Structures are given as C-alpha cells and as structure tokens.
2 protein chains.
Amino acid sequence: MNVMNASPRRKELTRLAAQLFVQEGFDRTTVRMLAQEMGIKSGSLFHHFRDKQEILAAVIEEGTENALVIARDALARCDSSASARLHAMARAHLETLLTDRNAHVVALYEWRRLDTEARAHLSHLRDAYEALWEEVIDEALAEDLVHGDRFLVSRFVMGALNWTVRWYDPEGTRTPDELADELVAMITHSASTR
Amino acid sequence: MNVMNASPRRKELTRLAAQLFVQEGFDRTTVRMLAQEMGIKSGSLFHHFRDKQEILAAVIEEGTENALVIARDALARCDSSASARLHAMARAHLETLLTDRNAHVVALYEWRRLDTEARAHLSHLRDAYEALWEEVIDEALAEDLVHGDRFLVSRFVMGALNWTVRWYDPEGTRTPDELADELVAMITHSASTR
DNA sequence: CATTCACACTAGCGCTTGCTTGGTTGAATG
DNA sequence: CATTCAACCAAGCAAGCGCTAGTGTGAATG
C-alpha cells in the first residue's frame, strides 16, 4: 500500500472519483465503478487509498484547499475598500465553486458520510475559509455597506452562493463574475461601487 | 399489497422514514432499519410501499405539499403590499422548513436518488411552489423594494433560506420569524417596512 | 546484475442488500 | 357464521458490497 498524499496519480484518481460521486452519490458509487473509471481493477484501488472513505476525504480536501488559496489570492490582489473586498470574495467563491464544481458538490452533499477523524481535519479547513468571509462581512458592516447581524449575513450570503451549484448553467449567458456582482448589488445599501 | 396513498398508517410510516433518512441518508438506511423503527418486520414494509424508492417519494411529496399549503395560506392572509407579501413568504418558507424539517432536508439532499417518474411528478409540485416566490419577487422589484434580476434574486433568496437547515438551531435564541425579517431587511433597499 | 518498489492483477471471502414468497392473524362485513 | 381483507410474519434468494491475500510486472536504484 502506498497511501502517500502527494502522488500525482492519486490526484488524478481523486478527480475522477469526484466526478463519479457527483453523478451517483458516494454510497451508490462502488469501488468497482471507481476502478473501471480509472482503468484499473477494483483491488488495485486500495494501493492508492486505504479505504473508500479516504477517497471521499481526498476529494473534499482537494476542493477546500483550492478554495482557500483562491480566496486568499483574490483578497491579496484587490484594493482594501470594503466594497472591493466583498466583490473579490464573492467572485472568488463562485470561481472555485464552478471550476472545482465536482469537489464542492461532493463536499456539500456528502459531508456527513465522512468518518469522525476526517471530519475533524476538514472542519478546520472549512472554518479557516469561513473566517475569511466573516472578516470581509465585518468590514462591510462597519462601513454600513450592508445591514444586519454578522453571523446571519455571512450565512445568508454563503447560502445564496452555494445554492448556485443547483441551478447555474456554465453554458448559459451569465458569467460567474456577473452572478457575484448581482448578489453584492442585491445586499449592499449605500455606497455600492459597482 | 396495499399501496394506497391515503392510508393513515402510511402517513405515520412516512414520518418515521423521513427521520431515518435524515439521520443516515437514503442509501445507508436499509429496509430493515426502517422496519425496526416502525415496529414491524422488513417484509411487511412492502405491504405499504411498492419499493424503497416509493418511501423516498412519499417523504418528499408530503413535505412539498405542506410547503405549498402554508405559503398560499400566508399570502392569502397578509395585506397586499409588496413588502408585506415578501415578509409573509419568507416567514412561511422558514416555518415549513423548520417544522417539517426532516422532510425538507430529505428533499434537499436526496432529490437525486428519486427515479425518473417520481422526479417528474414532484418537479411539478416544486415548480408550483417556486412560482409563488417569483410572483412575490416580481412585485418587490416593481416597487423598487429590491434590485436585480427576477431570476437571480429568487434563486439567491431561496438559497439563503434553504441553507438555514444546515446551521439553524431551533433551541437557540433566534426565532424563524426573526431570521426571515433579517433576510428581507438585508435585501430590501428603499421603503423597507420592518 | 541483484534488489527494490510502485503499480497492477486474479480470485474470492464474508456479509448485507432490496425484495419475494407463502402463509397467519384478528377485526370488519354481508 | 362464512368471507374478506388489511396487516403482519418467517424464511430466504440472488445480487452486490467493501475489502483482502497473494502474485506478477517492468522500470529505477545500489
């Protein structure tokens, strides 16, 4: 058994697994289906992953780490006004959500299938990401750009954004950036620099 | 086999199934677990439901029908200003979501496990419900209470509301009505009657 | 040239799954 | 009082499940 995290083969297998998990759901996806999609036999799968659970954890970890990197980059790149940072964060969120779509759909739908250890590890990643959001929301509240309770506002915003995976059509006319800007416009009250 | 929809026993079994589906997920819930929870043997289950899929469909149908009834009632009961109707709709949405919580969590998480026929039938119910939302959103847009595209605004709002099942704590300090009003306040711009 | 190692294979074990079958109840109906 | 019928049970089948054990490669390493 290999089970080292950095293997490039493992990355590719994780990507394929994410796709199947989205199509079929985690429980309905059998190790035999995964193996076939990867062009190997089911037994060989356990050379790369300790068990089926670990594949799920790998998929979610991959997606969440990317989200963190992209969000931090976006915040570092934009100027420091609350409005700019809010826009940047919303755009970054949708960018990850829709480029790493499979991984994020799995994270949203199959989170509860994680065992205790994996969930503990991944919770930290997710919390780090959500902390970025609360920071940006706080700044927006301080400048009176948005009204309400910091906790509620951040939940509502993340809900609205995460929900997009259910209806957004990448082949359609709207770009992710347009979506992000529309959402920000909807919730900002006074000095909305659009 | 009975398989008539109106049986009172069936209603009770559906309620229990919803609870188990939330706890374990549809795929992980075995017919034996369902039967035990209902105090019968697994074979007897198929007297009430044709197959496992039909239990899932029954759970979701139940929840969606209730949502429709509650929303229509709320709209009929409130006065006809766009603001009042928006508040009423948001409150009604959260009311169903949190009283019929199990059924709605199942509907949100396990929708994709429905077979084609069930999905077609239930899609109509869901569309009827969403049509109510779009109507109310249209009125709010017409009065300049909310800014943006009708399609996007309704998706964002429903996303924010549906997301609450992931974090809302009924034992906490906030009431569903407070939540609804906070959301409306967040998205309304000019004549927000709060 | 011997050894190691990542990667893959074959074969199958032990268990669980959804669902079926054939039959038994006890209350309601005519 | 014979019949009906919803509701349940015991037993089990066929299929599929995650995972393991043991083995065979061809390329890289010493």
Side-chain angles (χ1 to χ4, degrees), chain A residues 1-60 106 110 112-119, chain B residues 1-60 106 110 112-119:
Chain A
M1 298 173 200
N2 187 14
V3 196
M4 52 189 297
N5 289 354
S7 156
R9 181 91 172 112
R10 196 177 138 120
K11 270 256 166 92
E12 172 64 5
L13 299 183
T14 303
R15 209 184 50 80
L16 288 170
Q19 191 192 328
L20 260 182
F21 287 164
V22 169
Q23 264 175 46
E24 306 286 331
F26 176 70
D27 291 320
R28 274 184 142 74
T29 304
T30 69
V31 293
R32 280 165 246 261
M33 292 165 66
L34 286 164
Q36 188 173 27
E37 195 74 11
M38 298 166 178
I40 57 180
K41 298 294 173 179
S42 73
S44 313
L45 225 168
F46 295 91
H47 172 72
H48 301 277
F49 302 92
R50 193 179 354 254
D51 53 24
K52 196 186 164 191
Q53 282 268 347
E54 202 183 75
I55 308 180
L56 177 61
V59 167
I60 297 182
V106 170
E110 314 283 2
R112 289 134 36 92
R113 308 301 174 251
L114 290 169
D115 54 44
T116 324
E117 314 141 51
R119 186 145 50 197
Chain B
M1 303 175 196
N2 187 14
V3 197
M4 52 189 295
N5 289 354
S7 156
R9 181 88 173 113
R10 196 178 137 121
K11 268 256 165 91
E12 172 64 4
L13 299 185
T14 302
R15 209 184 50 82
L16 288 169
Q19 191 192 325
L20 261 182
F21 287 164
V22 169
Q23 265 175 44
E24 308 285 332
F26 175 69
D27 290 321
R28 272 185 142 72
T29 304
T30 69
V31 293
R32 280 164 246 261
M33 293 166 66
L34 287 164
Q36 188 172 26
E37 195 74 11
M38 298 165 178
I40 58 179
K41 298 295 173 178
S42 72
S44 314
L45 228 168
F46 296 91
H47 172 69
H48 301 278
F49 302 91
R50 192 180 354 253
D51 54 23
K52 197 186 164 192
Q53 282 267 348
E54 202 183 74
I55 309 181
L56 177 62
V59 167
I60 297 182
V106 171
E110 315 283 3
R112 288 132 38 90
R113 308 300 174 251
L114 290 169
D115 54 43
T116 324
E117 315 141 51
R119 185 144 52 196

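All of these numbers come straight from a predicted model, not from anything done at the bench. Lettering follows sequence order; numbering is per chain, from 1.
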**Request:** List in chain and number order the residues that pass side chain to side chain contact (heavy atoms under 4.5 Å, CB included) with B:Ala18, two or more places apart in sequence or in another chain; answer none if no residue qualifies.
**Result:** B:Val59, B:Asn102
**Prompt:** To the nearest Å, how far apart are B:Leu34 CG and C:dC19 C1'?
**Reply:** 13 Å
**Asked** Roughly how far apart are A:Arg113 CZ and A:Leu56 CG, rounded to 0.5 Å?
**Response** 9.5 Å
**Prompt:** Within less than 4.0 Å of OP1 or OP2 of D:dA6, is there a side-chain N or O belonging to B:His47?
**Reply:** no
**Fill in**
Here the distance between atom P of C:dA6 and atom CG of A:Leu45, to the nearest Å, is 17 Å
**Item:** Whole angstrom value for the distance that separates P of D:dA6 from CE of B:Met38
**Value:** 19 Å
**Prompt:** What residue pairs, at least two apart or across chains, pass side chain to side chain donor-acceptor pair (under 3.5 Å) with a residue in residues 28-44 of chain B?
**Reply:** A:Asp27-B:Arg28
**Message:** Suppose the criterion is side chain to side chain donor-acceptor pair (under 3.5 Å): which pairs have a residue in residues 12-21 of chain B, not counting sequence neighbours?
**Reply:** B:Glu12-B:Arg15
**Point-to-point distance, once rounded to the nearest 0.5 Å, from CD1 of A:Ile55 to CG of A:Leu20** = 10.0 Å
**Message:** From CZ of B:Phe46 over to P of C:dT17, roughly how many Å is that when rounded to an integer?
**Reply:** 12 Å
**Integer-rounded Å distance: C:dG18 P and B:Phe49 CZ** = 15 Å
**Prompt:** Hey, what do you get for CE (B:Met33) to CE (B:Met38), rounding to the nearest 0.5 Å?
**Reply:** 11.0 Å
**Message:** Is the shortest side-chain heavy-atom distance between A:Phe21 and A:Leu34 below 4.5 Å?
**Reply:** yes
Please produce a list of atom pairs where a protein N or O lies less than 3.5 Å from an N or O of nucleotides 9-11 of chain D.
| residue | atom | partner | partner atom | Å |
| --- | --- | --- | --- | --- |
| D:dC9 | OP2 | B:Lys41 | N | 2.5 |
| D:dC9 | OP2 | B:Ser44 | OG | 3.1 |

**Message:** Can you pull out the residues from residues 12-24 of chain A that lie within a 4.0 Å heavy-atom distance of DNA chain C?
**Reply:** none
**Request:** Would you give the length of the straight line joining atom CG of B:Leu13 to atom CG of B:Leu45, rounded to the nearest 0.5 angstrom?
**Result:** 7.0 Å
**Asked** With distance as the sole criterion, do the side chain of A:Arg32 and the base of D:dG18 form a donor-acceptor contact below 3.5 Å?
**Response** yes
**Prompt:** Mind checking what makes side chain to side chain contact (heavy atoms under 4.5 Å, CB included) contact with A:Arg119, not counting sequence neighbours?
**Reply:** A:Trp111, A:Arg112, A:Leu114, A:Ser123
**Asked** A:His48 has an atom NE2; how far is it from atom C1' of C:dA8, in whole Å?
**Response** 8 Å
**Request:** Would you mind telling me which of C:dT17, D:dC19, C:dC19 lies closest to the side-chain atoms of B:Asp51?
**Result:** C:dC19
**Message:** Please confirm whether the shortest side-chain N or O distance from B:Arg9 to OP1 or OP2 of D:dC8 is below 4.0 Å.
**Reply:** yes
**Message:** Rounded to whole Å, how long is the line connecting atom CG of B:Asp27 with atom P of C:dT17?
**Reply:** 12 Å
**Prompt:** Tell me: CZ of A:Arg10 to P of C:dC7, nearest whole Å?
**Reply:** 11 Å
